There are 2 protein chains.
Amino acid sequence: MGGRDARQGRTTVTLEDVARAAGVHYSTVSRALDPTAVRRVSVDTRKHIQSVAKKMGYQPDMVATGLKRGRTQTVAAIVADLGNPSIAPVLRGIASRLEPAGFMSLFAETQDDSSRLERILNHLLSRRVDAIILTAGRVGDSRILRRFVGRGIPVVLALQGVPGIRLPSCTNDDLLGGTLAAQHLLGLGHRRLAQLRGRADVQSLSQRAKGFSKAIAAAGATEVIIPSTAPLGTADDGRRLMRVVLESKRAQPTGVFAHHDLMALGALTLAEERGLNCPRDFSIIGYHDLPNLERLVPALTTIRQPLEEAGRAASDMVLHILNSPSRQPRSHRLAPTLVVRQSTGPAPEPVIQTVRK
Amino acid sequence: MGGRDARQGRTTVTLEDVARAAGVHYSTVSRALDPTAVRRVSVDTRKHIQSVAKKMGYQPDMVATGLKRGRTQTVAAIVADLGNPSIAPVLRGIASRLEPAGFMSLFAETQDDSSRLERILNHLLSRRVDAIILTAGRVGDSRILRRFVGRGIPVVLALQGVPGIRLPSCTNDDLLGGTLAAQHLLGLGHRRLAQLRGRADVQSLSQRAKGFSKAIAAAGATEVIIPSTAPLGTADDGRRLMRVVLESKRAQPTGVFAHHDLMALGALTLAEERGLNCPRDFSIIGYHDLPNLERLVPALTTIRQPLEEAGRAASDMVLHILNSPSRQPRSHRLAPTLVVRQSTGPAPEPVIQTVRK
DNA sequence: TAGCCCGTGCCAAACGTTTGGCAATTGCAC
DNA sequence: GTGCAATTGCCAAACGTTTGGCACGGGCTA
């Protein structure tokens, strides 16, 4: 009695405890603490109850609330791969928006496995999560997702769309990204350009390719087509594709666009092993602006996507849907930006480069 | 009637729906579906009910279950920074263990902010999460955590301990890591060694330093002490500390141990800028085995920690506590391993190196 | 054939909230 | 001083599940 933190042990303090302590009925406590039901309880009882509740450390049980109200003030973000360095900023953007709105954000990982996605969605549904933000869509997932949107739980897509289902989404403008890459190289005087492409069946990558090609065509410059593509977008892929470029009999491109920073990295090291100097002999530009790569020599020019903003925008959509479920929000497309570093420079004098073996 | 997926709309199917369809009381359905209550219902009613439930797509509502049972079959893992590349494998290890045990694992991020940690813990508590795995401990957090262990919810620490509170934990053996680094360099014939240290007030880092120093002393070799430490462990820090080494008037070390791969990276580029060749003139070894760095030239020799195993071990502890809350499990300490690549080699001939400016 | 016990299924009370409805109280105008 | 409305607080039913207890019936033993 009179001690600090009188309550102890594993017991949890309920509405009824607060009511007893405050000398009112527990439903009055519930009303006093619910900001939307202000007018049902007088202002001084309200104040009194609030102070008692605070003193007792009362915290509403979201499980009970969830059962009664049908919503749990929780939004889940599902990602394919937590190890992907692009993901953390997105999740941070999500949390930054949801938290002030009174929602908790929880994260789960599919490991790019559709069956795991299904299990996660089942779990979340049975835990009555209020909405889902998905950055992990794969081709076959529309069937699974359809079951859930049918259940009335809002699903918003971030970063990538899911083919086969129409959902509000917030993606990056990869077409513009490819265009920016091309325009940068063209602006430096390069007239023969090539791209090291990622998988054609990934929409974002094919968009990058398209934006790049169109900008080159529009400027009347030449694109040296490399037919093969990179299955994974790793440094090894980059090396392999760059080898194709360098061993081609045709005139070499002086500007290269890699669809992924790691590919650019691999391409760069291979070219330097073969005696070429970047950016003197050729320029290269990557994509993603991966962390920890700024320190490379030469530091990589790249395309940066507004990841945190993508997370924020996706959360805003979710909040919008939860507040006014009447109408679906419009999908966004966010603009990437060019980050110029040392791996791109003026086009070399127009002498056909020969590879020194 | 006869159609596929007769049920539709946003309605959810409850125990009572199943009971009506199966022609039994809903409590019988509950028992038929609960594997621990097998013996209260005959085997054929059981089978019948199960098939009906499956056909109707019944899924128990964990919110209602949670309210009644007090547990939600959910474990949360809290991390400081989702962008830290060491984290994803740990979380994957956690999920891999929890999932087959019937638990869902959810992730949350503190952004290394104690107040956010407190808010997250409150949220999780009010959502009746069954246990918490924390990899985000900071010095001041013991007070916050104490409140939660008092509430009877198991907390297990992974990767790093939290000073000031005794909790079952599963950490990496940094002392051994430092020892391995030293022994590797000593085995290559290096006799003058130095370390680029991280913050002394981070326990894991001071342990690395200690292991390294002790192994050198035990071998009768010389440690060139660099007094300053790296506040962040970035490449910039590495450059700065390496500059101190190279500009010292004393005889240069030939083997260097950086407490973080990125520091090693910075140190390496600085040394090469100053005309030194790695591994001919000096060897360097990092820590963490960061992804995407294998491709560097020279590829970094480093210490790899068993991250996924740390996640698995932490989950095992959680499951153990949940199954038999009587006794606290013993804390683990996991052994890191040495990954030899190209940045370490035989010690150069014993000629005092001079830095070419 | 009577008595017991066990196997089976139903009832109803919780878990901690929210919330519509109603009763009690107050303040006001006449 | 009475009637009325407005204000405030209480009751109780729900949300979907778990689970102790009880009733019923049938098979066994005596």
Side-chain angles (χ1 to χ4, degrees), chain A residues 10-50 52-53 56-74 125-130 151-152, chain B residues 10-50 52-53 56-74 125-130 151-152:
Chain A
R10 60 204 53 199
T11 180
T12 166
V13 35
T14 87
L15 267 190
E16 201 163 348
D17 298 332
V18 178
R20 220 185 340 263
V24 296
H25 194 263
Y26 64 88
S27 67
T28 308
V29 178
S30 172
R31 286 203 165 87
L33 297 178
D34 179 357
T36 73
V38 182
R39 65 197 179 296
R40 293 285 308 256
V41 44
S42 79
V43 60
D44 17 350
T45 3
R46 177 178 197 59
K47 271 191 191 153
H48 172 226
I49 290 175
Q50 282 177 337
V52 171
M56 297 179 76
Y58 171 75
Q59 226 191 348
D61 181 333
M62 287 313 283
V63 172
T65 306
L67 179 59
K68 181 62 183 157
R69 284 204 166 150
R71 52 214 146 77
T72 55
Q73 296 291 105
T74 310
L125 194 68
S126 114
R127 281 162 182 75
R128 302 238 195 151
V129 103
D130 295 339
R151 293 286 198 95
Chain B
R10 60 203 53 200
T11 179
T12 166
V13 34
T14 85
L15 267 189
E16 201 161 351
D17 298 330
V18 178
R20 217 180 347 260
V24 297
H25 194 264
Y26 65 88
S27 67
T28 309
V29 178
S30 172
R31 285 202 165 88
L33 298 178
D34 178 357
T36 73
V38 184
R39 64 195 178 297
R40 292 284 310 256
V41 44
S42 81
V43 61
D44 14 350
T45 359
R46 176 179 198 59
K47 270 191 192 152
H48 172 228
I49 290 175
Q50 283 176 338
V52 172
M56 299 179 74
Y58 170 75
Q59 227 193 347
D61 181 334
M62 287 315 282
V63 171
T65 306
L67 179 59
K68 182 62 184 156
R69 284 204 166 150
R71 52 213 149 76
T72 54
Q73 296 293 105
T74 310
L125 194 67
S126 112
R127 280 162 183 76
R128 302 237 196 154
V129 103
D130 294 341
R151 292 284 197 98

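In what follows, chains are A, B, ... by sequence order, proteins preceding strands, each numbered from 1. Being a predicted model, the structure only gives us computed values, none of them experimental.
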**Report entry** Options dT18(D), dC10(C), dT19(C), nucleotide nearest the side-chain atoms of Leu15(B)
**Finding:** dT18(D)
Query raised in the report: So does Ser30(A) get a side-chain nitrogen or oxygen closer than 4.0 Å to the phosphate oxygens (OP1/OP2) of dT17(C)?
Result: no
Query raised in the report: Which whole-number value in Å describes the distance from Asp44(B) CG to dG7(C) C1'?
Result: 12 Å
Requested in this report: Quick one: label Val63(A) by what it contacts on the DNA or RNA (base, sugar-phosphate, nothing), any heavy atom closer than 4.0 Å.
Outcome: nothing
Report task. Begin from the C-alpha positions of Asp44(A) and Lys47(A) and carry the test salt bridge (charged side-chain N to carboxylate O under 4.0 Å, His left out) through to its verdict. Result -> CA-CA 5 Å; Asp44(A) 17 350; Lys47(A) 271 191 191 153; over 6 Å; no
Requested in this report: Check whether any side-chain nitrogen or oxygen of Thr45(B) sits under 4.0 Å from OP1 or OP2 of dG9(C), and answer yes or no.
Outcome: yes
Query raised in the report: Quick one: salt bridge (charged side-chain N to carboxylate O under 4.0 Å, His left out) partners of Asp61(B), sequence neighbours excluded?
Result: Arg128(A)
Query raised in the report: What distance do Arg151(A) atom CZ and Leu125(A) atom CG have between them, rounded to the nearest 0.5 Å?
Result: 5.0 Å
Please write out the pairs of protein N or O atoms and N or O atoms of nucleotides 11-15 of chain C separated by less than 3.5 Å, giving the distance to one decimal.
unit_1	atom_1	unit_2	atom_2	d
dC11(C)	OP2	His25(B)	NE2	3.4
dC11(C)	N4	Ser27(B)	OG	3.2
dA14(C)	N3	Lys68(B)	NZ	2.9
dC15(C)	O2	Lys68(B)	N	3.4

Requested in this report: Evaluate the criterion side-chain contact (heavy atoms from CB on, under 4.5 Å) for residue pair Arg31(A) and Asp34(A); output intermediate values, then yes/no.
Outcome: CA-CA 5 Å; Arg31(A) 286 203 165 87; Asp34(A) 179 357; 5.8 Å; no
Report summary line: Gln59(A) CD to dT17(C) P, in whole Å, measures 10 Å
Report task. Give the intermediate values and the outcome of side-chain contact (heavy atoms from CB on, under 4.5 Å) for residues Val29(B) and Tyr58(B). Result -> CA-CA 11 Å; Val29(B) 178; Tyr58(B) 170 75; 5.6 Å; no
**Report entry** Rounded interatomic separation in angstrom, taking CZ from Arg46(A) and C1' from dT7(D)
**Finding:** 15 Å
**Report entry** From Leu67(A) atom CG to Met62(B) atom CE, the distance as rounded to the nearest 0.5 Å
**Finding:** 12.5 Å
Report summary line: From CZ of Arg71(A) across to C1' of dG16(D) the rounded distance in Å is 17 Å
**Report entry** Non-hydrogen side-chain atoms of Asp130(B) and Thr72(B) separated by less than 4.5 Å
**Finding:** yes
Requested in this report: Consider the side chain of Thr14(A), meaning its heavy atoms from C-beta on, and name the nucleotide among dT18(C), dT8(D), dG16(C) that approaches it most closely.
Outcome: dG16(C)
Query raised in the report: How many Å lie between CZ on Arg127(B) and C1' on dG16(C), as a whole number?
Result: 15 Å
Query raised in the report: Could you give the CG-to-C1' distance, from Leu33(A) to dT19(C), as a whole number of Å?
Result: 15 Å
